[in-house]
Trainee: 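Sending over a structure as structure tokens; questions will come in a sec.
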Amino acid sequence: MKTCLVVDDSRVIRKVARRILENLQFEVLEAADGLEALNACKTAMPNAILLDWNMPVMDGITFLRQLRKEEGGKAPVVVFCTTENDLSHITEALTEGASEYIMKPFDGEILEAKFSEVGLI
Amino acid sequence: MSPEDTEHLAAMLKQRSGLILGSDKTYLIESRLAPVARREGFANVAALLTSLRTRRDEKLIYTVTDAMTTNETFFFRDKTPFDQFKSDVLPALAKTRLSGDIKIWCAAASTGQEPYSLAMMMEDMRHQYPRINLDILGTDISERCLEKAQSGLYTQFEVQRGLPIQMMVKYFEKVDEMWRLSPKIRQAIRFRKLNLLDNLHSVGRQDVIYCRNVLIYFDLETKKRVLEQIANLLADDGYLFLGAAETVLGITDAFKPMTGMRGLYVKNTAAAATAPRRFGT
């Protein structure tokens with residue numbers, strides 16, 4: 001079973017994402033900010049990371065930069081999932097190594113399509 | 001809704017668009033026509049249907065037909081027909097079309113995602129096929145859909161269905177809360193209103209025809225008539241793409257499926273030699 005780390009400071013969003021991802025046969029882990037996510041990754045690298053941008057303590061893009069410097073940190077497929085929906089944010093995310101980008105609001109269909117696009121399902 | 005009114009609606013839809021309204025489609029009628037009834041100032045859908053039957057208002061007939069036909073589409077829908085174009089159809093045609101022009105017809109283009117997906121895909125392969133020019137025609141019965149297709153404007157929801165993010169970044173710009181295709185891609189497609197029930201001669205010779213998820217709404221006789229007209233337009237070495245749930249089997253022998261290529265058909269030249277030509281030379 002593939003693992004997906006859901007990183008979002010909203011408990012509601014994490015719950016929604018968890019439900020969708022579990023239906024897609026993922027084992028789901030959660031983190032409420034970038035630093036929590038980084039610690040989770042140091043313990044065990046997940047196959048996929050669904051990543052919010054704006055979060056307290058450490059934001060999504062900072063987390064992504066840090067992650068890629070970690071041992072084995074290039075492996076997880078990162079899909080942003082954020083309300084930031086302008087081209088400059090999207091381009092920055094792709095430059096830092098995100099594979100896909102979901103603009104909130106999202107639903108199960110979009111998440112499934114994006115995960116399929118990057119070969120996770 | 002009186003049975004008389006729904007029967008009239010069903011007959012009108014079949015005549016106007018080929019759409020077969022199955023029995024017990026009260027829910028579909030209600031959900032599609034409630035907004036029309038409101039907009040046109042009727043008390044409810046039943047009143048709209050009665051008016052439709054008793055007054056022959058062409059504009060209203062058109063509006064209702066448009067609302068009842070399904071326009072569902074998204075970028076790179078089903079993926080396979082685009083992968084097959086890239087892996088088999090394009091390489092084969094690139095060898096034989098010495099002028100470099102490949103003519104493609106999207107026969108039920110709806111709001112444009114299918115022809116635009118082809119245009120974006122081709123642009124991504126520009127370096128591989130510097131000589132090739134896709135001449136893409138998109139037609140649909142719905143003026144409302146064609147207007148949207150021509151605008152090249154899509155909602156955030158629409159650009160997230162099937163479109164890889166790299167393509168969105170490359171070919172779209174953000175306009176307020178909408179996303180607009182670049183002029184280069186928009187200009188690659190000609191859009192035109194066309195009813196597949198009419199004579200299709202004006203479409204002209206085509207190398208590739210996409211006719212996906214439209215025949216399923218027609219009865220057998222209409223399917224056959226449309227497929228045979230399509231066969232007359234398609235080059236002998238051309239390709240026909242049908243929807244995943246569609247087939248030519250049991251309808252016409254003008255086409256045969258390509259082995260191992262789901263949804264992809266070529267002309268059955270053995271049958272064509274004996275079949276009478278419907279029109280043209």
Side-chain angles (χ1 to χ4, degrees), chain A residues 4 6-8 13 16-17 20-21 23-24 48-54 60-61 64 67-68 74 76-121, chain B residues 70-87 110-111 113-114 116-118 120-121 123-125 152-186 212-213 243-244 262:
Chain A
C4 182
V6 176
V7 192
D8 201 303
I13 296 280
V16 170
I20 298 167
L21 287 162
N23 277 331
L24 296 171
I49 300 172
L50 189 69
L51 183 60
D52 189 16
W53 194 296
N54 298 305
I61 199 77
L64 179 55
L67 170 74
R68 295 309 193 203
K74 294 209 165 47
V77 175
V78 173
V79 176
F80 261 97
C81 184
T82 166
T83 49
E84 298 295 347
N85 64 359
D86 54 285
L87 277 173
S88 63
H89 276 88
I90 300 172
T91 310
E92 189 182 0
L94 296 178
T95 308
E96 296 299 337
S99 299
E100 260 296 345
Y101 198 105
I102 295 169
M103 297 175 278
K104 287 175 183 169
F106 69 106
D107 60 11
E109 197 183 335
I110 288 174
L111 201 152
E112 186 175 349
K114 293 289 189 183
F115 269 50
S116 151
E117 190 59 48
V118 294
L120 281 166
I121 44 176
Chain B
T70 300
N71 306 312
E72 157 101 353
T73 182
F74 42 96
F75 290 103
F76 296 98
R77 182 176 185 178
D78 300 338
K79 234 161 171 286
T80 312
F82 299 94
D83 292 343
Q84 289 167 343
F85 180 81
K86 204 177 191 169
S87 66
S110 187
T111 42
Q113 282 92 331
E114 183 180 81
Y116 284 138
S117 296
L118 287 166
M120 285 186 281
M121 199 169 81
E123 196 53 37
D124 268 6
M125 295 185 288
L153 272 171
Y154 295 94
T155 64
Q156 182 166 295
F157 182 72
E158 288 166 325
V159 293
Q160 299 207 79
R161 289 185 82 190
L163 186 68
I165 196 72
Q166 284 84 357
M167 274 198 176
M168 196 194 86
V169 169
K170 202 164 159 191
Y171 299 116
F172 285 79
E173 58 168 353
K174 199 165 170 230
V175 182
D176 301 321
E177 285 312 300
M178 302 283 280
W179 292 85
R180 183 160 58 206
L181 264 165
S182 67
K184 192 174 185 182
I185 299 296
R186 267 186 289 147
R212 302 196 299 142
N213 307 307
R262 186 155 171 247

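Every chain is numbered from 1 and lettered A, B, ... according to where its sequence line falls, protein lines coming before strand lines.
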Trainee: With B:Tyr154, which of B:Gln113, B:Met178, B:Met168 fulfils side chain to side chain contact (heavy atoms under 4.5 Å, CB included)?
Mentor: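 Between B:Tyr154 and the candidates, side chain to side chain contact (heavy atoms under 4.5 Å, CB included) is satisfied uniquely by B:Gln113.
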Trainee: Can A:Asp8 and A:Lys104 be counted as an ion pair, charged N to O under 4.0 angstrom?
Mentor: yes
Trainee: Rounded to the nearest 0.5 Å, what separates atom CD in B:Gln166 from atom CD1 in A:Ile90?
Mentor: 11.0 Å
Trainee: Please classify the contact between A:Glu100 and chain B as side chain, backbone, both or neither, with a heavy-atom cut-off of under 4.5 Å.
Mentor: both
Trainee: Just how far is it from atom CZ of B:Phe75 to atom CE of B:Met120, taken to the nearest 0.5 Å?
Mentor: 5.0 Å
Trainee: Checking an interface table here. Which of residues 78-89 of chain A come within a heavy-atom distance under 4.5 Å of chain B?
Mentor: A:Asn85, A:Asp86, A:Leu87
Trainee: Taking B:Arg161 as the fixed residue, which of A:Glu117, A:Glu112, A:Glu109 is the one that meets the salt bridge (charged side-chain N to carboxylate O under 4.0 Å, His left out) rule?
Mentor: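 Considering A:Glu117, A:Glu112, A:Glu109, a salt bridge (charged side-chain N to carboxylate O under 4.0 Å, His left out) with B:Arg161 is found only for A:Glu109.
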Trainee: Checking heavy atoms, do the side chain of B:Phe172, its backbone, both or neither come under 4.5 Å from chain A?
Mentor: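 B:Phe172 touches chain A through backbone heavy atoms alone.
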Trainee: Side chain from CB out, backbone as N, CA, C, O: work out which of these in A:Ser116 comes under 4.5 Å of a heavy atom of chain B, or both, or neither.
Mentor: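 Looking at A:Ser116, nothing touches chain B.
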Trainee: After noting the C-alpha distance and the side-chain angles of A:Glu96 and A:Arg68, does the key distance pass the salt bridge (Lys or Arg N to Asp or Glu O under 4.0 Å) rule?
Mentor: CA-CA 8 Å; A:Glu96 296 299 337; A:Arg68 295 309 193 203; over 6 Å; no
Trainee: So, taking the atom named SG in A:Cys4 and the one named CG in A:Leu111, what distance separates them when rounded to the nearest 0.5 Å?
Mentor: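 If I round to the nearest 0.5 Å, the distance is 7.5 Å.
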